[in-house]
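Reviewing the structure listed below.
Residue numbers start at 1 and run along the sequence shown.
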Amino acid sequence: QVQLVESGGGLVQAGGSLRLACAASGRTSSSYAMGWFRQAPGKEREFVSGISRSGGSTHYADSVKGRFTISRDNAKNTVYLQMNSLKPDDTAVYYCAARQYYSDYEVITLQHRYDYWGQGTQVTVSS
């Protein structure tokens, strides 16, 4: 079992930046592939970014590519999402997800493949 707690959300103006953090407790997170998803009001939850358990591979949704950066610090059991050049369309609740996985390099992008989820953190971007 692993518990995930997101932090770092808030209200920011368009063009601004935020850094989300996802702290994992329980079993060591270094054996887990991790991902960030988001859900805007009235929309389905969607993939934002993922990172392999080693941190050697990452993947981004086209809508955030070049603006968001995912990283992880396995010593701190924490995954980060640096969000720059934020747009009003980025407004959503952001969720962290984890799955214990064998591969050091594969990134999981499908939400049904993740076993553990955080409670989410609200990101609001004003125009």
What distance do [X] atom [atom1] and [Y] atom [atom2] have between them, rounded to the nearest 0.5 Å?
X	Y	atom1	atom2	value
Leu11	Ser126	CG	OG	5.0 Å
Lys87	Ser63	NZ	OG	8.0 Å
Ser54	Tyr105	OG	OH	5.0 Å
Ser31	Tyr102	OG	OH	14.5 Å

What is the minimum heavy-atom distance between Gln1 and Gln3, and which atoms define it?
CB-NE2, 4.0 Å

Shortest non-hydrogen separation from Ser127 to Ala14 and the atoms involved:
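Minimum heavy-atom separation between Ser127 and Ala14: CA-CB, 4.3 Å.
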
Report the residue from Ile70, Leu4, Ile108 that forms a side chain to side chain contact (heavy atoms under 4.5 Å, CB included) with Met34.
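Exactly one candidate clears the test, Leu4.
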
Group every Ile, Leu, Val, Met, Phe, Trp and Tyr by side-chain heavy-atom contacts under 4.5 Å, then state whether [X] and [Y] land in the same group.
X	Y	value
Ile51	Val2	yes
Tyr114	Tyr95	yes
Phe37	Tyr32	no
Val93	Leu86	no
Leu110	Val48	no

With sequence neighbours excluded, give me every salt bridge (Lys or Arg N to Asp or Glu O under 4.0 Å) pair touching residues 94-122.
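Checked against salt bridge (Lys or Arg N to Asp or Glu O under 4.0 Å) - neighbours excluded - the pairs reaching residues 94-122 are Arg53-Asp104, Glu106-Arg113.
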
Salt bridge (Lys or Arg N to Asp or Glu O under 4.0 Å) contacts touching residues 1-26 (sequence neighbours left out)
none

With a 6.0 Å cut-off (strictly less than), is the heavy-atom count around CD of Glu46, excluding the residue itself, greater than 12?
yes

Count the heavy atoms of every other residue, nucleotide or ligand shown that sit under 6.0 Å from NZ of Lys65, and state whether that count exceeds 12.
yes

Kindly say whether Thr124 contributes a backbone atom to a donor-acceptor pair with the side chain of Thr91 at under 3.5 angstrom?
no

Counting distance only, does the side-chain N/O of Gln111 pair as donor-acceptor with the main-chain N or O of Arg45 below 3.5 Å?
yes

Side chains of [X] and [Y]: does their closest heavy-atom pair fall under 4.5 Å?
X	Y	result
Tyr101	Ser52	no
Trp36	Cys96	yes
Ser49	Leu81	yes

Using the salt bridge (Lys or Arg N to Asp or Glu O under 4.0 Å) criterion, which residues pair with Arg67? Sequence neighbours excluded.
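Arg67: salt bridge (Lys or Arg N to Asp or Glu O under 4.0 Å) contacts with Asp90.
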
Only counting residues at least two apart or in another chain, list the ones meeting side-chain contact (heavy atoms from CB on, under 4.5 Å) with Val123.
Leu18, Leu20, Met83, Tyr94, Val125

Pairs involving residues 38-88, ordered by first then second residue, that meet disulfide bond (SG atoms under 2.5 Å apart) (sequence neighbours left out)
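For residues 38-88, and leaving out neighbouring residues, there are no disulfide bond (SG atoms under 2.5 Å apart) pairs at all.
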
Taking ring-ring contact (aromatic ring centres under 6.0 Å, His included) as the cut-off, I'd like each qualifying pair that reaches into residues 59-91, sequence neighbours left out, listed once.
Phe47-His59

Would you check if there is a donor-acceptor pair between the side chains of Asp73 and Thr78 at a distance under 3.5 Å?
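There is no such pair (donor and acceptor under 3.5 Å, judged by atom type) between the side chains of Thr78 and Asp73.
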
